[in-house]
Q: 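Next up is a structure, given as structure tokens.
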Amino acid sequence: MESRFILRWQKYTLTLNEASEYFGIGYKKLKMFVQEHSDEDFILWNGNRALIKREQFEKYMDSQMNVI
């Protein structure tokens with residue numbers, strides 16, 4: 001039987017918990033950041049649950065290193 005486990009660096013979107021661990025940003029700080037930037041392209045809303053588009057957020061972070 002094939003495993004369906006996907007590594008975080010291969011995922012298209014990350015939950016806030018996963019993104020917090022992946023990017024080394026505190027969960028509360030990341031949640032506040034998402035609330036302040038709720039219309040950005042790197043956030044995908046699934047109902048009221050925010051998901052981070054990993055590659056787009058990486059590009060954003062590279063261009064805005066002092067944001068968080």
Q: Does any N or O in the side chain of Trp45 come within less than 3.5 Å of the main-chain N or O of Ser38, such that one atom is a donor and the other an acceptor?
A: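 At least one qualifying donor-acceptor pair exists.
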Q: Taking ring pair (Phe, Tyr, Trp, His ring centres under 6.0 Å) as the definition, give me every residue that meets it alongside Phe23, ordered by chain and number, with sequence neighbours left out.
A: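 So Phe23 forms a ring pair (Phe, Tyr, Trp, His ring centres under 6.0 Å) with Phe57.
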Q: Met32: which other cluster members, linking ILVMFWY side chains closer than 4.5 Å, directly or transitively?
A: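 None; Met32 is a cluster of one.
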Q: Distance check, rounded to the nearest 0.5 Å: Leu14 atom CG versus Leu51 atom CG?
A: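 Interatomic distance, Leu14 CG to Leu51 CG, rounded to 0.5 Å: 8.5 Å.
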Q: Using the test salt bridge (charged side-chain N to carboxylate O under 4.0 Å, His left out), find all partners of Glu58 that sit at least two apart in sequence or belong to another chain.
A: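 So Glu58 forms a salt bridge (charged side-chain N to carboxylate O under 4.0 Å, His left out) with Arg54.
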Q: Any chance you could measure Leu16, atom CG, to Lys28, atom NZ, to the nearest 0.5 Å?
A: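 Spacing of CG (Leu16) from NZ (Lys28) equals 14.0 Å.
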Q: Under the side-chain contact (heavy atoms from CB on, under 4.5 Å) criterion, do Lys29 and Phe33 qualify, and how do the steps go?
A: CA-CA 6 Å; Lys29 175 87 74 177; Phe33 181 80; 5.6 Å; no
Q: For the atom pair CZ (Arg49) and CG (Leu44), what is the distance rounded to the nearest 0.5 Å?
A: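 Those atoms lie 10.5 Å apart.
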Q: Please examine the side chains of Ile43 and Gln35, heavy atoms only from C-beta on, and report whether any two atoms are closer than 4.5 Å.
A: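 No; the side chains remain at least 4.5 Å from each other.
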Q: If we ignore hydrogens and angles and just use 3.5 Å, is the side chain of Thr13 paired with the main-chain N or O of Ile52 as donor and acceptor?
A: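 Such a contact is absent between Thr13 side chain and Ile52 backbone.
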Q: Could I get the full list of side chain to side chain contact (heavy atoms under 4.5 Å, CB included) partners for Lys59, not counting sequence neighbours?
A: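 So Lys59 forms no side chain to side chain contact (heavy atoms under 4.5 Å, CB included) with any residue.
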Q: What pairs with Gln56 under side chain to side chain contact (heavy atoms under 4.5 Å, CB included), at least two apart in sequence or on another chain?
A: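 Gln56 satisfies side chain to side chain contact (heavy atoms under 4.5 Å, CB included) with Tyr12, Asp41, Phe42, Lys53 once adjacent residues are dropped.
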Q: Please report the closest heavy-atom contact between Leu30 and Ser20, naming both atoms and the distance.
A: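 It is CD2-N, 3.7 Å.
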Q: For the backbone of Thr15 and the side chain of Glu18, can you confirm whether one donor and one acceptor N or O come within less than 3.5 Å of each other?
A: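 At least one qualifying donor-acceptor pair exists.
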